[in-house]
There are 2 protein chains.
Amino acid sequence: MVASQFRPDLMSVIEDMGYRITQPRRDVVKLLETKPDGFGAEEIHGALPEVGRATVYRTIRLLLDIGVICKLVMRDGSTKYSLARVEHHHHLVCVRCGTVEEFLDSTIERLVRAIGAEVSGEILGHRIEFDVICKTCLDYAN
Amino acid sequence: MVASQFRPDLMSVIEDMGYRITQPRRDVVKLLETKPDGFGAEEIHGALPEVGRATVYRTIRLLLDIGVICKLVMRDGSTKYSLARVEHHHHLVCVRCGTVEEFLDSTIERLVRAIGAEVSGEILGHRIEFDVICKTCLDYAN
DNA sequence: GCAGTATTGAGACTGAGTATCAATATGGTT
DNA sequence: AACCATATTGATACTCAGTCTCAATACTGC
């Protein structure tokens with residue numbers, strides 16, 4: 001039920017979309033790939049002093065547009081991004097350690113379609129996020 | 001399925017929580033009560049020149065803390081608030097006119113509990129938002 | 001009506017993200 | 001390998017939403 005890690009090379013995706021392969025983009029993407037649990041824009045900027053702030057944000061926006069990362073808003077209003085391993089999924093966000101885990105559930109998708117029938121209007125999309133305490137944090141507390 | 005409009009007087013709720021009844025708070029709350037479809041902070045501030053900007057934000061925060069309004073993040077990343085008519089609910093946000101409608105669905109809540117069993121970790125809360133084109137906008141298009 | 005404290009407003013500040021623009025790197029040609 | 005057109009970059013100024021500060025003011029209980 002947790003999404004698996006099958007994922008094409010991000011740089012090739014960028015190239016295939018007609019964007020240029022540049023050193024800053026390589027640097028940012030390489031760093032992101034080491035962050036399976038989500039990352040913040042400033043965190044990336046801080047870790048890559050050789051890449052300009054604007055470029056970090058631009059690259060993140062580009063990856064969002066391409067659809068290979070997704071943006072999520074935490075309970076406290078801050079923003080995180082996370083690598084999208086699978087097309088459509090939802091998030092389990094640990095309120096303690098901030099780890100983001102994707103998950104898929106066909107029941108939810110079926111339900112969403114069922115609700116579409118009940119609602120007066122047309123459903124275009126949905127966002128579902130669960131605030132959790134992840135297993136690691138739970139174990140740690142004991 | 002759409003939430004009904006039974007709602008206690010907001011000012012009494014504020015008073016009952018031990019906060020003072022002040023003119024700025026009365027002004028803000030009075031205006032909010034005319035906005036069943038959601039509102040933005042700057043929109044409120046713009047409409048109430050006699051109330052300071054900080055106070056508008058403070059009042060909104062207070063109402064959030066009390067739990068009588070809820071914050072929601074639109075698809076475009078902007079923030080809206082909406083009067084909470086019922087304790088726990090989800091939102092139908094019209095991507096065309098921006099109208100926010102609450103809705104309840106016991107199936108969702110049952111499902112959330114079921115997912116709690118599958119997930120490794122403890123579920124504390126969840127947010128579900130549907131992007132829709134509301135009936136009014138659909139009709140208007142025809 | 002008074003005192004003590006919660007609240008206010010003006011404005012400075014913050015953090016996240018965007019726009020500008022001259023300088024530079026990239027990829028397709030030759 | 002050098003060349004060119006243009007996509008991209010970095011520095012910096014800027015915007016926007018929201019918060020902080022602090023002296024002045026308004027509430028509420030007495």
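Chain letters run A, B, ... following the sequence lines, proteins first and then strands; every chain starts at 1.
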Distance in angstrom units between [X] [atom1] and [N] [atom2], rounded:
{"X": "Met17(B)", "N": "dT7(C)", "atom1": "CE", "atom2": "C1'", "result": "17 Å"}
{"X": "Glu50(B)", "N": "dG9(C)", "atom1": "CD", "atom2": "P", "result": "9 Å"}
{"X": "Met74(A)", "N": "dA16(C)", "atom1": "CE", "atom2": "P", "result": "13 Å"}
{"X": "Leu62(B)", "N": "dG18(D)", "atom1": "CG", "atom2": "P", "result": "16 Å"}
{"X": "Lys71(B)", "N": "dT19(D)", "atom1": "NZ", "atom2": "C1'", "result": "12 Å"}
{"X": "Ile14(A)", "N": "dT8(D)", "atom1": "CD1", "atom2": "C1'", "result": "13 Å"}
{"X": "Ile21(B)", "N": "dT8(C)", "atom1": "CD1", "atom2": "P", "result": "11 Å"}
{"X": "Glu43(A)", "N": "dA16(C)", "atom1": "CD", "atom2": "P", "result": "12 Å"}

Quick one: does [X]'s side chain have a donor or acceptor within less than 3.5 Å of a partner on [Y]'s backbone?
{"X": "Lys80(A)", "Y": "Gly98(A)", "answer": "yes"}
{"X": "Arg26(B)", "Y": "Ile21(B)", "answer": "no"}
{"X": "Glu43(B)", "Y": "Gly40(B)", "answer": "yes"}

Want to settle it: does Tyr81(A) or Arg25(B) sit nearer the 5' end of DNA chain C, counting the closest nucleotide to each?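 Nearer the 5' end of the strand: Arg25(B).
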Between the side chains of His90(A) and Glu101(A), does any donor sit under 3.5 Å from an acceptor?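 No, Glu101(A) and His90(A) have no side-chain donor paired with an acceptor closer than 3.5 Å.
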Quick one: label Arg53(B) by what it contacts on the DNA or RNA (base, sugar-phosphate, nothing), any heavy atom closer than 4.0 Å.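 Base contact.
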Just checking Glu15(A): base, sugar-phosphate only, or nothing, at a heavy-atom cut-off of under 4.0 Å?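 Contact class for Glu15(A): none.
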Counting only side-chain nitrogens and oxygens, does [X] get under 4.0 Å of the OP1 or OP2 atom of [N]?
{"X": "Thr79(B)", "N": "dG18(D)", "result": "yes"}
{"X": "Thr22(B)", "N": "dT8(C)", "result": "yes"}
{"X": "Arg61(A)", "N": "dT18(C)", "result": "yes"}
{"X": "Tyr57(A)", "N": "dT18(C)", "result": "no"}
{"X": "Arg58(A)", "N": "dA19(C)", "result": "no"}
{"X": "Tyr19(B)", "N": "dT8(C)", "result": "no"}

Go through dC20(D), dG27(C), dT8(C) for me and flag the one nearest to the Thr55(B) side chain.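 The answer is dT8(C).
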Given dA19(C), dT28(D), dA16(C), identify the nucleotide with an atom nearest to the side chain of Glu42(A).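 That would be dA16(C).
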Once hydrogens and angles are ignored, does a donor-acceptor distance under 3.5 Å link the base of dG29(D) to the side chain of Arg20(B)?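 Checked by distance alone, the answer is no.
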What heavy-atom pair brings Tyr57(B) and Glu42(B) nearest, and what distance separates the two atoms?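 Looks like OH-OE2, 2.5 Å.
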